[in-house]
2 protein chains.
Amino acid sequence: MSTIRDVAKQASVSVATVSRVINQSGYVHIKTKERVEKVIKQLNYQPNDVARSLYKGRSKMVALLVPDIMNPFFPQLARAVEDVASKYGYTFVLCNTDDEKEKELAYLNALRQKSVDGMIIVSSKLSQEDVSDITTPMIALDRKISIDIDLVTVNNQDGAQQAVRFLMQKGCQRIGHICGPENASSSKARLKGYLDVVKNEPWFSSGYIRSGKYGFEAAFEATKKMLTEHPDIDGLFAANDLMAVGALKAAEQLGYRVPDDLSIIGFDGIGIGKATKPAITTMAQPIYEIGATAAEMLITRIQDTTIPITEKELRVKLIERGSTRVS
Amino acid sequence: MSTIRDVAKQASVSVATVSRVINQSGYVHIKTKERVEKVIKQLNYQPNDVARSLYKGRSKMVALLVPDIMNPFFPQLARAVEDVASKYGYTFVLCNTDDEKEKELAYLNALRQKSVDGMIIVSSKLSQEDVSDITTPMIALDRKISIDIDLVTVNNQDGAQQAVRFLMQKGCQRIGHICGPENASSSKARLKGYLDVVKNEPWFSSGYIRSGKYGFEAAFEATKKMLTEHPDIDGLFAANDLMAVGALKAAEQLGYRVPDDLSIIGFDGIGIGKATKPAITTMAQPIYEIGATAAEMLITRIQDTTIPITEKELRVKLIERGSTRVS
DNA sequence: TTGTAGGCGTTATCAA
DNA sequence: TTGATAACGCCTACAA
């Protein structure tokens with residue numbers, strides 16, 4: 001790996017001049033510029049990003065922290081963030097936190113020490129004080145972290161209401177809810193939306209709610225328990241699609257026919273929902289757009305840290321498929 | 001962000017002493033050590049990784065380059081690599097290349113400029129000369145890149161043979177193959193395994209092979225065409241599970257009953273294969289183990305670049321599910 | 001046991 | 001239009 005000094009020597013100029021050529025800054029004679037460029041090509045010189053980062057205090061890297069890389073929602077999101085990041089010349093770093101506060105804090109630290117320029121965070125565990133001393137630009141995604149951090153979400157509560165009402169329209173009389181982790185704001189909003197619709201129903205009790213922690217396995221178990229305890233349930237609203245698939249599998253195992261005996265609706269709109277049979281009816285989020293929006297916001301904030309905190313809410317959309325009964 | 005100098009000043013020692021305390025190197029009086037540590041805590045000092053990287057020429061980062069982050073195979077792999085990486089104190093970087101040579105080369109460059117310590121690469125497009133000038137430790141995964149790069153794979157050819165023979169045992173008479181991208185060594189090996197078994201069959205012709213490029217959509221289309229042209233096909237070997245799901249959906253759309261009219265077997269053993277109905281019979285790879293193995297190999301090589309090139313082959317295992325007929 | 005100082009590769013300031 | 005040089009923050013000979 002040759003350095004700027006090697007180039008300078010070869011081209012019989014100072015490092016300052018080479019630097020000017022590289023960065024297209026300041027004046028440099030066309031003749032010398034050509035000479036330097038030739039040497040650069042000859043030596044296949046590439047500026048060392050680490051040295052640059054040290055000097056500038058910036059690294060041209062952005063990170064995305066997600067709780068579960070195995071949930072297809074997040075790869076799709078990651079894809080979007082990466083696209084935008086690389087569009088602006090940023091290197092993209094993906095970090096998986098397992099929804100554990102400790103790992104999240106460890107990453108926050110590691111990334112700061114690496115002078116990462118910005119982060120997009122999906123976290124149920126972090127709170128205001130955990131991030132109050134962090135000056136690196138941050139965007140919260142899907143789940144609110146603190147009032148002074150930008151946020152990108154969807155109309156969760158409203159979407160959940162729509163989902164539950166849809167089940168009712170289709171004739172469901174007893175609707176259960178598999179909710180996400182209790183600390184996640186998205187999960188809380190969806191639960192709220194569910195409650196808005198059903199809490200005054202005569203049949204409703206807290207037994208109609210169980211946590212699936214946004215995961216397949218937990219949802220599978222939760223559904224089995226719920227259906228066993230409340231065999232009268234004929235509709236199920238899962239707070240995400242991964243859990244909806246878990247619920248579907250659980251229902252099948254218990255001998256339910258979906259959607260004849262039980263209608264299931266999910267949330268997210270991930271690809272796997274189309275692979276099951278029946279395919280999962282869902283409140284689809286514009287996942288790619290969410291990621292791209294967050295990434296754009298992040299880069300805007302990196303470029304100007306003084307802009308006011310904003311919250312952006314995108315909209316979900318019902319996609320009807322086979323897991324809900326027809327009328 | 002306080003620096004080592006701030007700590008030194010506060011503790012009335014030199015930066016060298018602080019450095020010694022941080023790195024537990026050289027001699028330092030227990031008394032001064034305590035004092036320094038107190039100040040470090042007070043100031044909440046954290047060493048700047050960028051400066052360290054610059055000095056050492058290493059960054060404590062490893063990268064994983066994958067062709068398609070949306071294929072669940074790769075998140076699972078990423079998960080494994082990340083676990084091992086962080087076990088050894090490395091930060092993990094995930095890069096998505098879309099199986100495009102240009103993006104791969106761009107990443108290779110960007111990562112080198114960032115002094116990334118090592119990379120694990122899944123690539124169909126890179127060849128010996130593309131990487132010959134790279135000194136950063138590298139491991140090829142799933143697909144061979146060059147003879148002088150470590151490789152981690154599975155017994156693809158053998159596994160493919162097993163898969164096809166399994167279909168025959170189950171009574172399939174005409175077996176088609178949806179293959180992966182033509183340049184990927186894993187894809188080539190699986191195709192070879194398929195051919196080993198069927199090439200001397202009287203019915204066989206090249207029309208029984210179509211490329212699905214390891215992707216859902218392409219496999220969906222390929223399957224529809226193949227089944228339309230060869231309605232006699234009663235068995236299908238897809239070179240990965242994502243394509244097997246695509247094939248399943250295509251077959252359904254054409255009115256085939258799986259597995260009664262058509263048996264389908266995949267390759268990989270990703271979770272989604274369990275979500276479909278019928279669930280996908282597959283040659284399962286030990287995905288996590290593959291990723292962990294590659295990561296361990298990478299770190300070994302980072303620590304000692306002189307060790308000889310090795311190729312490690314893990315073994316696939318048949319998992320029978322509903323997409324193949326019973327007898 | 002501790003401190004001084006040079007260097008890692010860049011960039012930017014200030015003279016020339 | 002160009003060049004010397006001081007940072008950026010850290011580590012490690014080498015001296016003391």
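So that the names make sense, note that chain A is the first sequence line, chain B the second, and so on, each numbered from 1.
Applying the 4.0 Å criterion to OP1 and OP2 of C/dT10, one finds that A/S53 has every side-chain N and O outside that range. For C/dT10, neither phosphate oxygen OP1 nor OP2 lies less than 4.0 angstrom from any side-chain nitrogen or oxygen of B/Y55. At D/dG9, none of the side-chain N or O atoms of B/T3 fall inside 4.0 Å of OP1 or OP2 (strictly under the cut-off). Distances shorter than 4.0 Å separate some side-chain N or O of B/R52 from OP1 or OP2 on D/dC11.
D/dC11 atom P lies 9 Å from atom CG of B/N48, rounded to whole Å. Atom pair B/I30:CD1 and C/dT1:P shows a separation of 10 Å (rounding to whole Å applied).
At a threshold of 4.0 Å, the pair B/D83-B/K87 does not count as salt-bridged, since none of the basic side-chain nitrogens sits closer than that to a carboxylate oxygen. Between A/E311 and A/K144 there is a salt bridge, with a side-chain nitrogen of the basic residue lying less than 4.0 Å from a carboxylate oxygen of the acidic one. The residues A/K103 and A/D98 are annotated as salt-bridged, a charged nitrogen and a carboxylate oxygen being separated by less than 4.0 angstrom.
Donor-acceptor pairing under 3.5 Å is recorded for the side chains of B/N109 and A/Q46. For B/E313 and B/N156, the side-chain atoms include no donor-acceptor pair closer than 3.5 Å. Between the side chains of B/S19 and B/N23, at least one donor N or O sits under 3.5 Å from an acceptor N or O. Side chain to side chain, A/S124 and A/R143 meet the donor-acceptor criterion of an N or O pair below 3.5 Å.
Within residues 16-27 of chain B, the residues that have a heavy atom under 4.0 Å from DNA chain C are, in order of number, B/A16, B/T17, B/R20, B/Y27.
Direction change of the helix axis from one end of the helix from C/dT1-D/dA16 to C/dA16-D/dT1 to the other is 50°, with five pairs defining each end axis (rounded to 10°).
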